[in-house]
Amino acid sequence: MPSLIVKVYSLLFKYNLNHRLQTLIQSPISHPFNGVVSRADESIITSNPSFSTDGVATKDLHIDSLTSLSLRIYLPQSALISLRNSESGEGVYGGYVPEKNGKNCKKLPVILQFHGGAWVTGGIDTVSNDVFCRKLAKSCDAIVIAVGYRLAPESRFPAAFEDGVAAIKWLGKQANLAECSRSCLDKRIVNGEKHRGRQIVDGFGASMVEPWLAAHLDPSRCVLLGLSCGANIANYVARYAVEAGKLLDPIKVVAQILMYPFFIGNIPTHSEMKLANSYLYDKATCILAWKLFLPETDFNLDHLAANPLKPGNEKPLDLKHMPPTLTVVAQYDWMRDRAIAYSEELRRVNVDAPLLDYKDAVHDFATLNVLQKTPKAQACLEDISIWVKKYISLRGNEFSY
C-alpha cells in the first residue's frame, strides 16, 4: 500500500485540483485566448544557463509569436568534451556559449518532453517538471527539451497536440538551419583567397540558429517522453512523425516513453471501476478536466485524444510503424488498464513495447516533486534511462542490458 505521507498528500492534492477545476468551469472564458497561460499558484524555477549548480544548464525560448509556445532546454555538462571555457560568461544569457569551431562540443540525443497536469495545470518551469527534466538529462546523457504547450480551458483540443507537432517541426528546422549555418561559416578557398560566409539571421539581424542545439544536437536520435496527459501528446506526435516520414528529416524519432498516460473511454475498465477514487487523480475529477479540454460541442470520452484504441468514426489506427514504446504504469492508478491494453496492442503488431508496472505506486509517483526522492521514483528513472540508451547509443557502441 502507498505510504501514509502519500495518502495525506493525496487528499490535499485532490481537494486543490478539484477546487481549481470547479473554478475554471464556473468562470467561462469571455474572450478567446490563443496563447500559453500559467497558473499563478504554481511554484516555478527560473532557467539557469550555467553548469554551476547541478551540472545541467537551462534556457527558455519562445518559438511561436502567435501562441507564445515556449521551450526549456536542459543541457547536461557531459555535452562538453572538456570543461575548458564551459562558463564563458558571454552572450545574452551570461552562461555557457559553445565554441564556434565545435572542438569542445559533443553531439547528444534529444528527448522531447511533455509535462502532465490534467490539461489545465503544469508547465516547463514548475518545480516538479524542472527537477525531473534535470534528472532525466543527466541520467540519459541527453538534451531534454520541455514543451510548454497551451493549457485548457483557454485553449482546448487540438491546441496542445498542435503545439507538440510545432515543437518537433521547430526541432527539425533548427537541425537544418544548423547544417546550413555550418556550411556558410566554413572557410572556403575562392580564387585563391579565403572567405567566410554569412551567418543565417532573421529580419532583425539576430541569429536564427539556437547555439546549444547547433553545437550539441544529434537529430538522428530523438526520443519522445510524456507524463500523464503529456503522454497523450507524445503519442500523437509519434503518430505524426510516422505519417510525416522524411518530411521531418533530419529528425528521427527512435523511441517514446509513455508515463501513466491519461487514457480514458466511455465504457469503464476494471481498474476504472475498482480504483475510481484512487490517489491524487480520481476519475470524477479527471472527467472534469476532460470536459475542459475536449470540444464543448462534441464531448466524447472515446475521442481519439482520450482513447487511442477507439478512434470513433476515423479509420482504425495502424500501429505497426509506431516507434519502440516504453509504458510506465502504477498499481494504484485507475488509468492503468487502458495503458496496459495499448502496450499490448503495440506488441501484437511486433512493436518493441515493454511495460513497467510498479507495485504500491500511484499516478505521478516518479515525477511529482514530493515523491521524486523515493526509492521507487529513482528506480523508475533508472529503468527508463537503461531502456532509452538501447535506442540512443551510437552505432558501433550499442547499449545492451
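Values below: all heavy atoms of this structure, side chains included; hydrogens, waters and symmetry mates excluded.
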Donor-acceptor contact below 3.5 Å, side chain [X] vs main chain [Y]:
X    : Y    : value
S393 : K389 : yes
Q174 : M208 : yes
T58  : N48  : yes
H216 : K106 : yes
S10  : L280 : yes
N18  : K14  : no
T121 : G117 : yes
Q372 : T367 : yes
D302 : N266 : yes
S128 : N369 : yes

Taking only residues two or more places apart in sequence, or in another chain, which ones meet [X] in a ring-ring contact (aromatic ring centres under 6.0 Å, His included)?
X    : result
F132 : none
Y260 : H363, F365
Y240 : none
W290 : W119, F262, F293

NZ/NE/NH1/NH2 to OD/OE distance under 4.0 Å, K138 and D54: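 Here K138 does not pair with D54 in a salt bridge, since their nearest N and O are not under 4.0 Å apart.
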Neighbour count >12 (heavy atoms, 6.0 Å) for atom [atom1], [X]:
X    : atom1 : answer
I267 : CD1   : no
F299 : CZ    : yes
I5   : CD1   : no
K7   : NZ    : yes

Can you tell me which residue pairs pass the salt bridge (charged side-chain N to carboxylate O under 4.0 Å, His left out) test with a partner in [range], sequence neighbours excluded?
range            : answer
residues 356-385 : R336-D357
residues 282-294 : E272-K283
residues 108-126 : none
residues 339-350 : E345-R348

Got a sec, which residues hit side chain to side chain donor-acceptor pair (under 3.5 Å) with [X], two or more places apart in sequence or on another chain?
X    : result
K173 : none
Q256 : N235, T325
S271 : T269, D337
S3   : none

Taking the side chain as every heavy atom from C-beta outward, state whether [X] and [Y] have any atom pair closer than 4.5 Å.
X    : Y    : value
L71  : V147 : yes
V6   : Y332 : no
K320 : N350 : no
V351 : L319 : no
L136 : Y74  : no
R150 : D64  : no
Y391 : P109 : no
L69  : W170 : no

Gap between atom [atom2] of [Y] and atom [atom1] of [X] - 0.5 Å precision:
X    : Y    : atom1 : atom2 : value
K59  : T46  : NZ    : OG1   : 15.0 Å
I143 : L213 : CD1   : CG    : 5.5 Å
S70  : I124 : OG    : CD1   : 3.5 Å
L371 : Y9   : CG    : OH    : 7.5 Å
C140 : L381 : SG    : CG    : 6.5 Å

Do you know the tightest heavy-atom contact between [X] and [Y]?
X    : Y    : result
P261 : A339 : CG-CB, 3.6 Å
W334 : S278 : CD1-OG, 3.3 Å
H115 : G122 : CE1-C, 3.4 Å
K107 : A215 : NZ-O, 3.3 Å
Y236 : V165 : CE2-CG2, 3.7 Å
I233 : G164 : CG2-CA, 4.2 Å

Pair D298-H303, side-chain contact (heavy atoms from CB on, under 4.5 Å): steps then yes or no: CA-CA 9 Å; D298 186 25; H303 191 286; 5.7 Å; no
Identified side-chain contact (heavy atoms from CB on, under 4.5 Å) counterpart of L224 within the set I111, L258, I168: I168
Verdict with supporting geometry, N129 and L227, side-chain contact (heavy atoms from CB on, under 4.5 Å): CA-CA 10 Å; N129 203 66; L227 320 174; 3.9 Å; yes
Verdict with reasoning, L288 to L17, per side-chain contact (heavy atoms from CB on, under 4.5 Å): CA-CA 10 Å; L288 293 180; L17 179 61; over 6 Å; no
Full working for salt bridge (Lys or Arg N to Asp or Glu O under 4.0 Å) between R72 and D130: CA-CA 9 Å; R72 175 166 289 186; D130 187 83; 2.9 Å; yes
Test side-chain contact (heavy atoms from CB on, under 4.5 Å) applied to E210 and L217, step by step: CA-CA 10 Å; E210 207 301 303; L217 172 66; over 6 Å; no
Ring geometry between Y96 and W212 (parallel below 30°, tilted from 30 to 60°, perpendicular above 60°):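 The rings of W212 and Y96 sit tilted, inter-plane angle from 30° to 60°.
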Check: Y281/D333 side-chain N/O donor and acceptor closer than 3.5 Å: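 The criterion, which ignores hydrogens and geometry beyond distance, is not satisfied for D333 and Y281.
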